[in-house]
**Student:** 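Here it is, the structure, as structure tokens.
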Amino acid sequence: MRKLLDEVRMLLRDAGVEEPRLEIPRQAGFGEVSCTSAFDIAKTVRKPPQSIAEEIASGIDLSKARLVERVEAVRPGYINFWVRWVNFAPDLLNTVIGEGERFCWSAVGRGKTVLVEHTSVNPNKALHIGHARNTCLGDSIARIYRSQGYRVVVANYIDDSGSQMADILLAFTRLGYSPEPPAGERFDEYCGRIYVEVNRLIESDQALSQEKRRITLEIEGRDTETFRLNRMVAERVLADQLKTCWRLGARYDILNRESDILAFNLWDEVFEKLKKSGAIYVAVDGPKKGCWLINLSQHPTLAREGDEVLVKSDGATTYVARDIAYAAWKLGLLTRDFRYRVWGTNPDGTTVLITDYAGDREYRIGGVDHTVNVVDARQRRPQEIVRYAIGFLGVDRSRYHHHSYEVVSLSARDAEKLGVRQVQQGFVHMSGRGGVFINVEQLLTHLKEKAVSETLKRHPDWSRGKVEETAEAIAVAALRYNLIRSDSDKMIVFDTEEAMDMEGDTGPYIQYAYARASRILEKADTGPRYECPASLADEEKALILKIAHTPLVVEDAARMLLVKKVVNHAHDLASAFNDFYEKCPVLTAEADVKGFRLAIVEAFRTALSSTANLIGIPLLEEM
RNA sequence: GGGCCCGUGGCCUAGAAUGGAUAAGGCGGCAGCCUCCUAAGCUGCAGAUCGUGGGUUCAAAUCCCACCGGGCCCGCCA
């Protein structure tokens, strides 16, 4: 496709257009590439765009063209180019199939490191679908960066020092809860349940509330029994959470604990630098007397909301302060570093490390070029403060990127099922503390059950193992697709019934197209041929073009960090393939047509699998 | 009160970062297509003043302004 665009540009330049503006027509019938430069030129030269377009078009010398067959000036002033399929199609199919899994890879990120932080769920509960949106988005971003040649470090921030941990500890130490969950309940789900129950108790019990505050303080002291118990609980919950994340297809390099940001004393160094920069000051009077605050008066939007406390009057750091220190560490501004120990192994065989004061491993990220924080939109303000603050440490703020996304809420129907009354609008916000959420594991199990029964309908002869394996992939595809297909800035109103859909604009639709293509290739008794038949069906052309656009879409998506673009393109590819499948029989076609169509099918599989890989949609040879 | 985000057929979503040619899918509804590579598919029909009003432009769903509706954020919490 790039070759085609280059050729069109070359033709236009030779015809006198300095900087041709090209676009790919949305609708068929306007050629394969279109130029809108006549509109630009019409602004300076006082002539109608149409006549300019006609002049340019007639000045184009097609004798030098290899991939372009025809040029035409059309209605308001477009210059449309039609492809010479005999040359274009074989070139393209050859390239795609030749590149194989490297199709859509790029080297733009070579030599650069980017740290992607995602998931970051408090280690006191199981993942709900809002967390899953974060994980699927973040994992896709990591995959996309990797495809562009970046070295990618995936981090998961473990906030193990908050008061939300105290609820669980309170249950174990004072309320008689067993540290072991009942048979059949996972530890993370068990803690999530305790979290809800304890919060209900605390609401009506002052003494318990006091007790909780005491435990919160005890967690901070590193040598206490409470501290050790807290670590144990957090690590056990984390182990379960990661199982869910792995199930979703995510992987991690490092698990960074908030308690270790304190232990390794990352803040002190940043504190000194901030003082020197003059960005922070100590309040000498007023309600915040004795606190260190960051001066936001020069910030374009935050200035009107007042300055932010970084160090409380008792000397303790706030959450934002620790986040600034952490960001400084990521960007290589500190001499101090974490130590790690081995936590476990990702499904892909790579090692996961966790911060540990007594750890024996080092993991030098060496100051990454770029850091991406996948954090929900409610944290825009604190994230912006962090970004603003690191600017005072001599860092280009663009290196710190908060990848914001809107929350997932529940449909009125789902909320009512969970016992929420008086649903006013069409949705209800989830709440871990309130027990209003949909658990990822349970949802996946539910999806898998449906996929099992659908698979059994189609393949009654399959072994149980094969059915299970297939159904698991379908369940994951359905969920991931659902959570990343739309814009990050839009709230998802989740509805279980809708999410169970496996037809239409869904993950399984993409898997199905892939499976169909795989079956054709499996049954073929001859190989692909690249010679283009004399005439091509519209469906063949449309599919070839979609395949051709793939690297351009991925490049765009990577540059703008828009995961949904890749998702939508995967759907477009699958849809174009299904049209082709319907109208263009492969195996029963004449020998030359058959060979060519086999090449199309093979190229389609390459294109679809590379896009699906970028968004973590597992594919199946059969389903 | 201030700031940020969203607003596209009954419902969900794409199309916005380069303004361009008949606004594209899905769900739901109706009507069809399996002696033919898996019907988790395909085709057709019905259904849209692209929140409203201005503005910029030869051209606006897309850019600018105002307003309306919805969400979020503004703690010595994390």
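Order of the sequence lines sets the chain letters (A, B, ...), proteins ahead of strands, with each chain counted from 1.
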**Student:** Scan A/T506 against the nucleic acid and name what it touches under 4.0 Å (heavy atoms): base, sugar-phosphate only, or nothing.
**Tutor:** nothing
**Student:** Please report the distance, rounded to the nearest Å, between CD in A/Q379 and C1' in B/rG75.
**Tutor:** 14 Å
**Student:** B/rA78 phosphate, OP1 or OP2: any side-chain N/O from A/Y319 under 4.0 angstrom?
**Tutor:** no
**Student:** What nucleotide among B/rC76, B/rG41, B/rC37 has an atom nearest to a side-chain atom of A/Y581?
**Tutor:** B/rC37
**Student:** Just checking A/F427: base, sugar-phosphate only, or nothing, at a heavy-atom cut-off of under 4.0 Å?
**Tutor:** sugar-phosphate
**Student:** Between B/rA21 and A/S34, counting only base atoms on the nucleotide and side-chain atoms on the residue, is there a donor-acceptor pair under 3.5 Å?
**Tutor:** yes
**Student:** Nearest-Å distance, CD (A/E498) to P (B/rG28)?
**Tutor:** 10 Å
**Student:** Give one of base, sugar-phosphate or nothing for A/R519, where a contact means two heavy atoms less than 4.0 Å apart.
**Tutor:** base
**Student:** When all nucleic acid strands are considered with a 4.0 Å heavy-atom cut-off, which category describes A/K565: base, sugar-phosphate, or nothing?
**Tutor:** sugar-phosphate
**Student:** In whole angstrom, give the distance that lies between atom CZ of A/R26 and atom C1' of B/rA61.
**Tutor:** 11 Å
**Student:** Base, sugar-phosphate, or nothing for A/T301, non-hydrogen atoms under 4.0 angstrom?
**Tutor:** sugar-phosphate
**Student:** Does the Lys NZ or Arg CZ of A/R516 fall within the cation-pi geometry relative to A/Y581 - under 6.0 Å from the ring centre and within 45° of the axis?
**Tutor:** yes
**Student:** Nearest of B/rC27, B/rC76, B/rA17 to any side-chain atom of A/M560?
**Tutor:** B/rA17
**Student:** Among B/rA39, B/rA21, B/rG25, find the nucleotide with the atom closest to the side chain of A/R516.
**Tutor:** B/rA39
**Student:** Who is the Watson-Crick or G-U wobble partner of B/rC77, with both distances under 3.5 Å?
**Tutor:** none
**Student:** Considering only side-chain heavy atoms of A/R21, which listed nucleotide, B/rC6, B/rU18, B/rG3, is closest?
**Tutor:** B/rU18
**Student:** At 4.0 Å (heavy atoms only), tell me whether A/A515 reaches a base, stays on the sugar-phosphate, or touches nothing.
**Tutor:** base
**Student:** Is the distance from OP1 or OP2 of B/rG7 to the nearest side-chain N or O of A/K490 less than 4.0 Å?
**Tutor:** yes
**Student:** With syn defined as a glycosidic torsion within 90 degrees of 0 and anti otherwise, which applies to B/rC34?
**Tutor:** syn
**Student:** May I have the distance from A/E497 (atom CD) to B/rG26 (atom P), rounded to whole angstrom?
**Tutor:** 20 Å
**Student:** Side-chain donor or acceptor of A/R458 under 3.5 Å from a matching atom on the base of B/rA40?
**Tutor:** yes
**Student:** Quick one: look up who B/rG44 pairs with, Watson-Crick or G-U, both distances under 3.5 Å, and put none if it's unpaired.
**Tutor:** B/rC30
**Student:** Assign A/P287 to base, sugar-phosphate, or nothing according to its heavy-atom contacts below 4.0 angstrom with the strands shown.
**Tutor:** base
**Student:** Report the base-pairing partner of B/rA24 (Watson-Crick or G-U wobble, both distances below 3.5 angstrom), or none.
**Tutor:** B/rU13
**Student:** In whole Å, what is the span from the CG atom of A/L293 to the C1' atom of B/rC74?
**Tutor:** 15 Å
**Student:** Of the nucleotides B/rA59, B/rA40, B/rG26, which one has an atom closest to the side chain of A/K43?
**Tutor:** B/rA59
**Student:** Out of B/rA21, B/rC27, B/rG2, which nucleotide sits closest to the side chain of A/E305?
**Tutor:** B/rG2
**Student:** Counting distance alone, no hydrogens or angles: does the base of B/rA21 have a donor or acceptor under 3.5 Å from a partner atom on the side chain of A/N80?
**Tutor:** yes
**Student:** Classify A/E258 by what it touches in the nucleic acid, base, sugar-phosphate, or nothing, heavy-atom distance under 4.0 Å.
**Tutor:** sugar-phosphate
**Student:** Report yes if a side-chain nitrogen or oxygen of A/K583 is closer than 4.0 Å to either non-bridging phosphate oxygen (OP1 or OP2) of B/rC37; otherwise report no.
**Tutor:** no
**Student:** Hey, does the side chain of A/Y514 come within less than 4.0 Å of B/rA40's phosphate (OP1/OP2), counting only N and O?
**Tutor:** no
**Student:** Give a yes or no on whether a donor-acceptor pair under 3.5 Å exists between the nucleobase atoms of B/rA78, that is its base, and the side chain of A/T318.
**Tutor:** no
**Student:** For A/D572 and B/rG15, give me the distance from atom CG to atom P, rounded to whole Å.
**Tutor:** 10 Å
**Student:** What is the distance, rounded to the nearest whole Å, between atom CG of A/D376 and atom P of B/rC73?
**Tutor:** 9 Å
**Student:** Look at the side chain of A/S51 and the backbone N and O of A/P48, then say whether any donor-acceptor pair between them is shorter than 3.5 Å.
**Tutor:** yes
**Student:** Distance-only, no hydrogens or angles: does the A/H459 side chain make a donor-acceptor pair with backbone N or O of A/D461 under 3.5 Å?
**Tutor:** no
**Student:** Could you state the CG-C1' distance from A/L562 to B/rU13, rounded to the nearest angstrom?
**Tutor:** 15 Å
**Student:** Verify the contact: side-chain N or O of A/H429 to OP1 or OP2 of B/rC72, cut-off strictly under 4.0 Å; return yes or no.
**Tutor:** yes
**Student:** Counting side-chain heavy atoms from CB outward, which of B/rU22, B/rA17, B/rA40 is closest to A/M623?
**Tutor:** B/rA40
**Student:** Identify whether any heavy atom of A/E503 sits under 4.0 Å from a base atom; if not, whether one sits that close to sugar-phosphate; answer base, sugar-phosphate or nothing.
**Tutor:** sugar-phosphate
**Student:** Please state whether the phosphate of B/rC4, meaning OP1 or OP2, lies under 4.0 angstrom from any side-chain nitrogen or oxygen of A/R380.
**Tutor:** no
**Student:** Is it true that A/E72 and A/R70 make a salt bridge, defined as a side-chain N closer than 4.0 Å to a carboxylate O?
**Tutor:** yes
**Student:** Whom does B/rU56 pair with, Watson-Crick or G-U wobble, provided both distances fall under 3.5 Å?
**Tutor:** none
**Student:** Please evaluate residues A/H403 and A/H401 with respect to the criterion ring pair (Phe, Tyr, Trp, His ring centres under 6.0 Å), reporting the C-alpha separation (whole Å), side-chain torsions for both, the decisive distance (0.1 Å), and the verdict.
**Tutor:** CA-CA 6 Å; A/H403 194 84; A/H401 175 65; 5.6 Å; yes
**Student:** Is the centre of the A/Y514 ring less than 6.0 Å from the centre of the A/F577 ring?
**Tutor:** no
**Student:** Check every atom of B/rA78, B/rC37, B/rG41 against the side chain of A/P585 and return the nucleotide holding the closest atom.
**Tutor:** B/rC37
**Student:** Could you tell me whether A/K47 and A/E55 make a salt bridge, using a distance below 4.0 angstrom between a side-chain N and a carboxylate O?
**Tutor:** yes
**Student:** Does a side-chain N or O from A/K564 land closer than 4.0 Å to OP1 or OP2 of B/rG15, or not?
**Tutor:** yes
**Student:** Does A/S313 contact B/rC76 through a side-chain donor or acceptor facing the base, at a distance under 3.5 Å?
**Tutor:** yes
**Student:** Working to the nearest 0.5 Å, report the span between CG of A/L262 and CZ of A/R322.
**Tutor:** 5.0 Å
**Student:** Would you mind pulling out the nucleotide paired to B/rG7, Watson-Crick or G-U wobble, both distances under 3.5 Å?
**Tutor:** B/rC68
**Student:** If I take atom CG from residue A/L274 and atom CD1 from residue A/I280, how far apart are they, to the nearest 0.5 angstrom?
**Tutor:** 5.0 Å
